[in-house]
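Inspection log for the structure reproduced underneath, given as structure tokens.
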2 protein chains.
Amino acid sequence: MPDNPQKEQPRRRQARGERRIAQLLEAAASVFCTTGYTAASTNAIAREAGVSPGTLYQFFPNKEAIAIELGDRLMHEMREAYGEALAPVDPATPLEEAVGAAVDRFIAFNCDHPVFFALMHGPDIPGRIAEEHDALHATLVSRIEALLFSLLPDAPPADVTRTAHVCLGVYKAGLELVLAHQGAERDAYTREIKNVLIRYLEPLVGDRLGAPEDTGDTTTRTA
Amino acid sequence: MPDNPQKEQPRRRQARGERRIAQLLEAAASVFCTTGYTAASTNAIAREAGVSPGTLYQFFPNKEAIAIELGDRLMHEMREAYGEALAPVDPATPLEEAVGAAVDRFIAFNCDHPVFFALMHGPDIPGRIAEEHDALHATLVSRIEALLFSLLPDAPPADVTRTAHVCLGVYKAGLELVLAHQGAERDAYTREIKNVLIRYLEPLVGDRLGAPEDTGDTTTRTA
DNA sequence: GACAAACACGAGCGGTCGCTCGCATTCTTG
DNA sequence: CAAGAATGCGAGCGACCGCTCGTGTTTGTC
């Protein structure tokens, strides 16, 4: 057995091929954005890229692979550019700052790459992309959970998890509103989303700072 | 010209036909729920209803008409059962009560009719359903605007509109979370959505009642 | 019972879509 | 330059889908 059955022989790509791949992915992003994944035909993607259907299938085994490759590149770019937004948050950071920074980063990424939203929120996406989305979703939820738990060590875990899911859901709804507007209105909606999240979380953690309520707690204050 | 060109002759339906129509709509609701509108094939709907494709087209001119009829019936049922949730709100009602009642009503309706969510939020719905959804959306936004305006007569209209859109977006995100859970967890998420909305709106209207802030305003207080 | 209208069937038509295949062209390598 | 690999083309295959049509069955009316 000279060849391993599972190992696909790595075709030696020429520079031309790499250019075609990038071109096809760009065309696919455009078509996915305007029509969604299922409604996007491979012939339309090839036409948008100015090549023939056969050429498209020279570089991608099937339609799903196009979306997967696009999703992988977006994920990589996201982790590279905004990975720190996923990093554990310093508990000393004011709530407004932490929420504002995270929201700004993710909204900026989605505004720069609208196809990300189209791929992740389509109801008809291929299984692999759905897996990636679920993984990202779970990562974000656990990050938010960690932040909340560091602020509310005595809260029931189920409540923390639920609150984290609500935060992420609110962010996604806000993202949709933000992407639907432009310019000053877009900024105003971004501001509103931060307000929603801050006002939602403030009563939970607000007693740590500056706004003491007579709830009888004796938790230590930072600063 | 003995016949009016635009007037479709009303076929005399027998009781059997009405039963078939209800049966087909129920099957369509089931298929739409599980696969979405575009991915649902008319053959699958007919199979689910236990009839042949030809029978389906005895009662519906095309696939879109099935979704439209389903949407119309849902809209009618919604207006009949929960129309009062759309009615103008008495400005004297406490915020918690108004928000809680509206959220409860709409969430109950969506839990009873999950196909409503599938039809209204699919990205591939036919134009007529999209129109109905937009109309409903606009109605809800203007209702919320009216409520907000009655509480904040001196706020810029653009801000009121934006706040209304944010409220509706938050509600929709919450609806998705609520529908994804069951039992006690579902109730807990419902409670959280109300919290998000109340805490978001409270700082805007809270100064009308009990929690005066030294913002220097001299607006008259009710009660 | 006679007759027409409504109901029911399911093979199949026209069309689209994902994808293939045979062949031409361009690049790399020796 | 020659040979082979990578790239490029586009007609078209097979499958599926929305929908039709000819035919047969049930129901209502006289």
Side-chain angles (χ1 to χ4, degrees), chain A residues 3 8-28 30-32 34-70 122-129, chain B residues 3 8-28 31-32 34-70 119 122-129:
Chain A
D3 60 348
E8 73 286 358
Q9 67 284 13
R11 296 191 58 163
R12 297 190 42 241
R13 303 245 93 108
Q14 302 179 351
R16 203 180 9 155
E18 298 289 353
R19 255 183 282 126
R20 274 276 179 266
I21 289 179
Q23 195 178 95
L24 284 164
L25 287 176
E26 195 175 344
S30 165
V31 178
F32 286 158
T34 58
T35 71
Y37 174 75
T38 13
S41 82
T42 56
N43 292 12
I45 294 173
R47 201 182 318 118
E48 173 85 14
V51 302
S52 82
T55 298
L56 186 152
Y57 282 92
Q58 194 84 21
F59 302 101
F60 298 99
N62 51 50
K63 179 179 171 181
E64 181 174 347
I66 304 174
I68 289 175
E69 179 64 25
L70 199 52
D124 47 11
I125 52 182
R128 181 76 187 339
I129 295 280
Chain B
D3 59 349
E8 74 285 0
Q9 67 284 13
R11 297 192 54 162
R12 297 191 40 243
R13 304 245 92 109
Q14 303 179 348
R16 197 176 20 151
E18 299 288 351
R19 256 182 282 124
R20 275 273 179 267
I21 290 178
Q23 194 178 100
L24 284 164
L25 287 177
E26 195 175 343
V31 177
F32 287 159
T34 58
T35 70
Y37 174 75
T38 14
S41 82
T42 55
N43 292 12
I45 294 173
R47 202 181 317 119
E48 173 84 14
V51 302
S52 82
T55 298
L56 186 152
Y57 282 92
Q58 194 86 25
F59 302 101
F60 298 99
N62 51 49
K63 179 178 169 180
E64 181 173 348
I66 304 174
I68 289 175
E69 178 65 24
L70 200 51
L119 265 188
D124 45 12
I125 52 183
R128 181 75 185 345
I129 295 280

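Residue numbers begin at 1 in each chain, while the letters A, B, ... track the order of the sequences. What's counted below: heavy atoms across the whole structure, side chains too, no hydrogens, waters or symmetry copies. The structure presented is a predicted model; accordingly, all values stated were derived computationally and were not measured.
In this structure A:Leu24 satisfies the side-chain contact (heavy atoms from CB on, under 4.5 Å) test together with A:Ala49, A:Val51, A:Leu56, A:Phe59, A:Phe60, sequence neighbours excluded. In this view, A:Glu26 satisfies the side chain to side chain donor-acceptor pair (under 3.5 Å) rule with no residue, not counting sequence neighbours. Looking at residues two or more places apart in sequence or on another chain, you find a side-chain contact (heavy atoms from CB on, under 4.5 Å) between A:Ala67 and A:Phe32, A:Tyr37, A:Leu119, A:Pro126, A:Ile129. Checked against salt bridge (charged side-chain N to carboxylate O under 4.0 Å, His left out), B:Arg128 has the following partners two or more places apart in sequence or in another chain: B:Asp72, B:Glu132. By the side chain to side chain donor-acceptor pair (under 3.5 Å) test, B:Glu18 pairs with no residue at all, sequence neighbours left out. The side chain to side chain donor-acceptor pair (under 3.5 Å) test applied to B:Ser52 returns B:Thr55, not counting sequence neighbours. Applying the side chain to side chain donor-acceptor pair (under 3.5 Å) rule to B:Arg19 yields no partners; only residues at least two apart in sequence or on another chain are considered.
Between B:Thr55 and C:dC9 there is a side-chain polar atom (N or O) within less than 4.0 angstrom of OP1 or OP2.
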Where along nucleotides 12-22 of chain C does protein come under 4.0 Å, by heavy atom, of base (B) or sugar-phosphate alone (S), with - for untouched nucleotides?
------SBB--
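Rounded to whole Å, atom P of D:dT20 lies 15 Å from atom CZ of B:Phe60. Protein atom CZ of B:Arg47 is 14 Å distant from nucleotide atom P of C:dC9, rounded to whole Å.
Looking at residues 16-27 of chain A, you'll see A:Arg16 sit with a heavy atom under 4.0 Å from some atom of DNA chain C.
Taking each heavy atom of A:Ala44 and A:Val31 in turn, the nearest pair found is O-CG2, 4.3 Å. Residues B:Ala27 and B:Ile45 share a closest heavy-atom pair of CB-O, 3.7 Å. The minimum heavy-atom distance linking A:Ala65 with A:Asn62 is given by the pair N-OD1, 2.9 Å.
For the salt bridge (Lys or Arg N to Asp or Glu O under 4.0 Å) condition, the pairs that include at least one residue of residues 45-69 of chain B, sequence neighbours left out, are B:Glu69-B:Arg73.
Bending across the helix from C:dG1-D:dC30 to C:dG30-D:dC1, expressed as the angle between its end axes from five pairs apiece, amounts to 10° (10° rounding).
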Measure all distances between protein nitrogen or oxygen atoms and nitrogen or oxygen atoms of nucleotides 28-30 of chain C, and list the pairs falling under 3.5 Å.
from   : atom 1 : to      : atom 2 : distance (Å)
C:dT29 : OP1    : A:Arg12 : NH2    : 3.4

